[in-house]
Protein chains: 2
Amino acid sequence: MKKNRVTITDIARELNISPSTVSRALKDHPALKRETKDAVKALAEKWDYQPNLLALSLLNRKSNTIGVIVPEITSHFFSAIITGIQDVVGKSDYNIMICLSNESYEEELILVKKLLNMQIDGVLVSPSSETDDFDHFRKLQKNGIPVVVFDRDCPGLEADKVLVDDYSGAFQAVEYLIDRGCKNIAHLGGPLNLSTTGHRLNGYLDALRKNNMPIRREHIVHVPGFSHKDGIKPAKKLFQLDNPPDAIFAMNDNIAISAMHVAKKMGLKIPEEISILGFDDEPHSSFFTPTLSTVWQPVYSIGMLSARILLSHLKNKDNQLKFRKEIFKPELVIRNSSK
Amino acid sequence: MKKNRVTITDIARELNISPSTVSRALKDHPALKRETKDAVKALAEKWDYQPNLLALSLLNRKSNTIGVIVPEITSHFFSAIITGIQDVVGKSDYNIMICLSNESYEEELILVKKLLNMQIDGVLVSPSSETDDFDHFRKLQKNGIPVVVFDRDCPGLEADKVLVDDYSGAFQAVEYLIDRGCKNIAHLGGPLNLSTTGHRLNGYLDALRKNNMPIRREHIVHVPGFSHKDGIKPAKKLFQLDNPPDAIFAMNDNIAISAMHVAKKMGLKIPEEISILGFDDEPHSSFFTPTLSTVWQPVYSIGMLSARILLSHLKNKDNQLKFRKEIFKPELVIRNSSK
DNA sequence: AAACTCTATGCAAAGGTTTGCATAGAGCAC
DNA sequence: GTGCTCTATGCAAACCTTTGCATAGAGTTT
């Protein structure tokens, strides 16, 4: 950023008027002579003057930038949420600074510090899978920066939240499998400290309990990651049991797809011999063979609503005492991978 | 951003020293008394002083922020590139401002203007599918902001570029199909003004020519978008021809998947009756039935290299006359959707 | 005692923009 | 001619931080 950008001071010098006059002319101040305004605007256009937002932000103590902290963006889930956020914020005066924590708590700390230093106006955050302590988010709030949590909850943190009823989605999914005659339903689950996958596990367990189905510990297998490759071994593990499952409820579509893959490799018929159901409803999930049954989430709406809530805060600056908590209902999407 | 952030002036007032002394103490200036330094640092720690980067940026004429303009992020392609960029830039002193143009030239103009106003230090850009005119990128350059173009080319724009040899990838793919005995190879193609899909079309055409295969205009069908749904009708159109193809080379995996879907619906056996080959190698492409043959691109490397080149510029500020042009080689990935 | 040197710290300007208050000068009334 | 009012513009401070140059005061030398 060299000094080749035109400034208000440059224009003032050229027209032999003061910078404050130039500033007023550019804002069409009523107390200014029409001739002065016209001369300033003509030169500003000719020299392609662009205001320096750093100076403005310093003066106004307002950077007009929103930080969005997400654990990753390669999944359609988070990238769709960000698109929802972008579509709302893009229509406002705010800019977005997207920050990737790579599922790392340490990285999240660094990002929060950077956003603080950059005098960010507000933050939208979905915490990393390692994050147990939310003090860094409280620090944002203490510094007058409103925080809206989306998708992954931060239990104990007082803030606006836009979540999904993961428990209910899981409960519905497992109940559906039970209703369809499945007797041995397994769960390929995610990190337990993560609210989303924790709630999904609980929904699975409660659905079994409610229907007097036995809870078999060997049928609940932890998956170390969220990618296809992470689900291969856990799925194999399930199928190699003495009492293998006749249905699998996976914590996300990628893992469900891995389970389908392994089942096919082992010659199992889907859904006749094994029903498989995921969570998320990725755009390509309806193109697998068989098409994947799953739980859909209104991801785009999560992004839109989160952004709207934050913008409302920034606009009103009312430090309201009461936080909003919106919980979107997921929907079961039955395709051909389940009976 | 309220005035509840501790400043250097606050610390100075509390310790009865001047702001310049506080600034020097925080930087461990050698000319300062040890006692003074210790007192300043202790209070800065106690009051949790965070430097205001807006003031620093204004003073240094350097915002330490890089803008990344991409047409969308919901595809794994762009999100993986951004992850590569993030992994490199994250290790530097720079921050990333990710901007989505939503395949809109108008939106891109607005984003470039915003980045200019924000005194961004450098820009990484993959243009929207509507962009024919690159003057807005030249304007960045004219303002001393280095630009690195990645993936989608900007013909005529003098800048560093990190591209993929789309032509070669397409050529290899079609030649492979020919070698495997396919006689009527169709192309489901993308926007012609877009370098990537334009090169893929050219590769397809030249591979046919080189092998003395007839070019049938009815076998080249334009797809209006990049999503699965965009490929359904064009694929149907192909299969409903009097001389339907026995192979399809699609401009990306999503469209290839759509073609597979339509072929199955029509009862065609893949690859016996119809070979299908895509481009990109999405993470889930090896999980379809049959698994999708495709052309892989080193997307993560594109991101990493683009970021490295830009950071090198920002570090050296040497306004080198010669731009770099790196062209990554794609690789054919043969799975079960082709003979 | 006076002059000189060195240490530790402060002043002030800079970066770019905004705006409350001040004021020069034109125009009008007496 | 003088005094008053109004218009159009400028001054200066603010926002936060940095740093070149200045300087007060302690210590040393003559």
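Model, not experiment: these values are computed from the prediction. Hydrogens, waters and symmetry mates play no part in the numbers below; they use all other heavy atoms, side chains included. Below, read A as the first sequence line, B as the second, and so on, with proteins coming before strands; counting in each chain starts at 1.
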Mind checking B/L59 for me? I need base, sugar-phosphate or nothing, with any heavy atom below 4.0 Å counting as a touch. base
Counting only side-chain N and O atoms of [X], is one of them less than 4.0 Å from OP1 or OP2 of [N]?
{"X": "A/S18", "N": "D/dC11", "value": "no"}
{"X": "B/K62", "N": "C/dG15", "value": "no"}
{"X": "B/Y49", "N": "D/dC16", "value": "no"}
{"X": "A/K33", "N": "D/dT9", "value": "yes"}

For [X] versus [Y], what's the shortest heavy-atom pair and its separation?
{"X": "A/W47", "Y": "A/V6", "value": "O-CG2, 3.5 Å"}
{"X": "A/L54", "Y": "B/S57", "value": "CD1-CB, 3.6 Å"}
{"X": "A/V299", "Y": "A/A80", "value": "CG2-CB, 3.6 Å"}

Using a distance-only criterion (donor-acceptor N/O pair, under 3.5 Å, no hydrogens), is the base of D/dG20 paired with the side chain of B/R24?
yes
_Regarding C/dC11, can its base be found pairing with the side chain of B/S20 as donor and acceptor, where the two atoms are less than 3.5 Å apart?_
yes
| request: Using atom types as modelled and distance alone, determine if a side-chain donor or acceptor of A/K161 lies under 3.5 Å from a backbone N or O of A/C154. | output: yes
Between B/L26 and A/P30, whichever has its closest DNA chain D nucleotide further toward 5' is A/P30
